[in-house]
Amino acid sequence: MSSVSTAADPSAPIGVFDSGIGGLTVVRALRVRLPKESIIYFGDTARVPYGTKSAETITRFAIQDADFLASRGVKLIVAACHSASSAALAELTRRFAVPVLGVIEPGARALVAATRSNRVAVIGTNATITSAAYERAIRALRSDVEILAKPTPLFVPLAEEGWLDGDVAEMTARRYLSGLAQEKIDALLLGCTHFPLLTPVISRVLGPQVRLIDSSEETAVAAAELLRSRGMLNPKGPALHRFYLSDLTPGFEAIGARFLGAPLGEVVRTSVGE
Ligand code: DGL
């Protein structure tokens with residue numbers, strides 16, 4: 001079990017980590033649902049992407065990211081990265097004294113609740129889809145749901161570049177998703193931090209009959225429920241939000257603001273695992 005944090009103080013912050021700044025979509029959802037909670041965010045911008053790496057490497061990085069948050073006394077660690085959640089959640093849960101919440105289970109729950117036809121799809125990075133973590137999570141909830149899983153890795157750089165809705169995004173979405181559009185699915189899980197930004201183009205390709213499930217919303221719901229059930233909600237605030245990145249890459253402020261839906265304010269560079 002990792003050392004540092006055994007925080008039982010409801011006023012302690014929630015820790016959120018991601019491979020980069022895409023996990024700010026989860027912070028955004030947490031801020032809306034839990035406005036009194038302080039949040040510490042760590043984005044591993046020096047080592048992003050995780051989604052192209054092996055499960056072993058992703059797990060090593062995820063432990064280092066979570067260690068950083070635990071050292072800041074967080075009461076809950078949220079692995080906002082789907083690639084890290086699919087590769088490392090069990091190991092993180094085993095190592096850390098505070099609860100660890102991933103994005104896979106909340107997303108799977110919402111997907112299963114949304115489908116009527118029992119035919120669903122999941123898209124994500126190569127690491128997430130190869131791990132089959134979503135299939136396992138969905139099957140654990142409902143064994144009769146048919147699942148189509150497809151890696152759509154180019155959506156990640158498109159979102160980072162801000163090419164959310166033009167020709168290139170449209171062409172990429174068609175190439176990846178027009179097969180799925182023929183499959184009579186009625187719900188699709190956006191299994192990557194970056195994909196909610198591409199909702200309009202994905203929806204256009206799949207059609208209005210396919211509901212898009214954004215895991216960040218569902219993860220915020222699950223975080224609220226977990227804290228409430230343990231009596232760990234912060235009763236009063238004030239909520240402080242701190243952002244740490246392992247590299248202050250060009251344009252991080254603009255891209256970060258796009259994911260967060262607001263300016264980040266002060267961002268501190270910090271290294272982990274060195
Ligand atoms: N945060 C990653 C995820 O949700 C996407 C970016 C990456 O590949 O690291 O899978």
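Numbering of ligands and ligand atoms starts at 1, following listing order.
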- Message: Under 4.0 Å from a heavy atom of Asp18: which atoms of ligand 1 are those, numbered in the order shown and with their elements?
- Response: 1 (N)
- Can you pull out the closest protein heavy atom to atom 6 (C) of ligand 1? Residue, atom name and distance to 0.1 Å, please. Ser19 OG, 3.6 Å
- Message: Please determine whether a side-chain nitrogen of the Lys or Arg among Glu37 and Lys75 lies less than 4.0 Å from a carboxylate oxygen of the Asp or Glu.
- Response: yes
- Sidechain N-carboxylate O distance under 4.0 Å for Arg47, Asp65: yes
- Message: Give me the nearest non-hydrogen protein atom to atom 8 (O) of ligand 1 as residue plus atom name, then the distance to 0.1 Å.
- Response: Gly51 N, 2.8 Å
- Message: Running the 4.5 Å side-chain criterion over Ile, Leu, Val, Met, Phe, Trp and Tyr, what cluster does Val32 land in, apart from itself?
- Response: none
- Item | Numbered atoms of ligand 1 (with element) below 4.0 Å of Ser83, judged on heavy atoms | 3 (C), 10 (O)
- Task: Say whether Gly22 and ligand 1 are in contact under the criterion: heavy-atom distance to a ligand atom below 4.0 Å.
- Result: no
- Salt-bridge contact Arg109-Glu105 (side-chain N to carboxylate O under 4.0 Å): yes
- Would you say ligand 1 has an N or O under 3.5 Å from any N or O of Val156? no
For a quick test of your reading: what N or O donor-acceptor pairs under 3.5 Å do the side chains of residues 137-147 make, sequence neighbours left out?
unit_1	atom_1	unit_2	atom_2	d
Arg139	NH1	Val145	O	2.9
Arg142	NE	Asp144	OD1	2.8
Arg142	NH2	Asn118	OD1	2.5
Asp144	OD2	Asn118	ND2	3.4
Glu146	OE1	Arg119	NH1	2.7
Glu146	OE2	Arg119	NH1	3.4

- Tell me, with the steps shown, if Val27 and His241 meet side-chain contact (heavy atoms from CB on, under 4.5 Å). CA-CA 9 Å; Val27 174; His241 300 140; 5.7 Å; no
- Here the atoms of ligand 1 under 4.0 Å from any heavy atom belonging to Val48 are 9 (O)
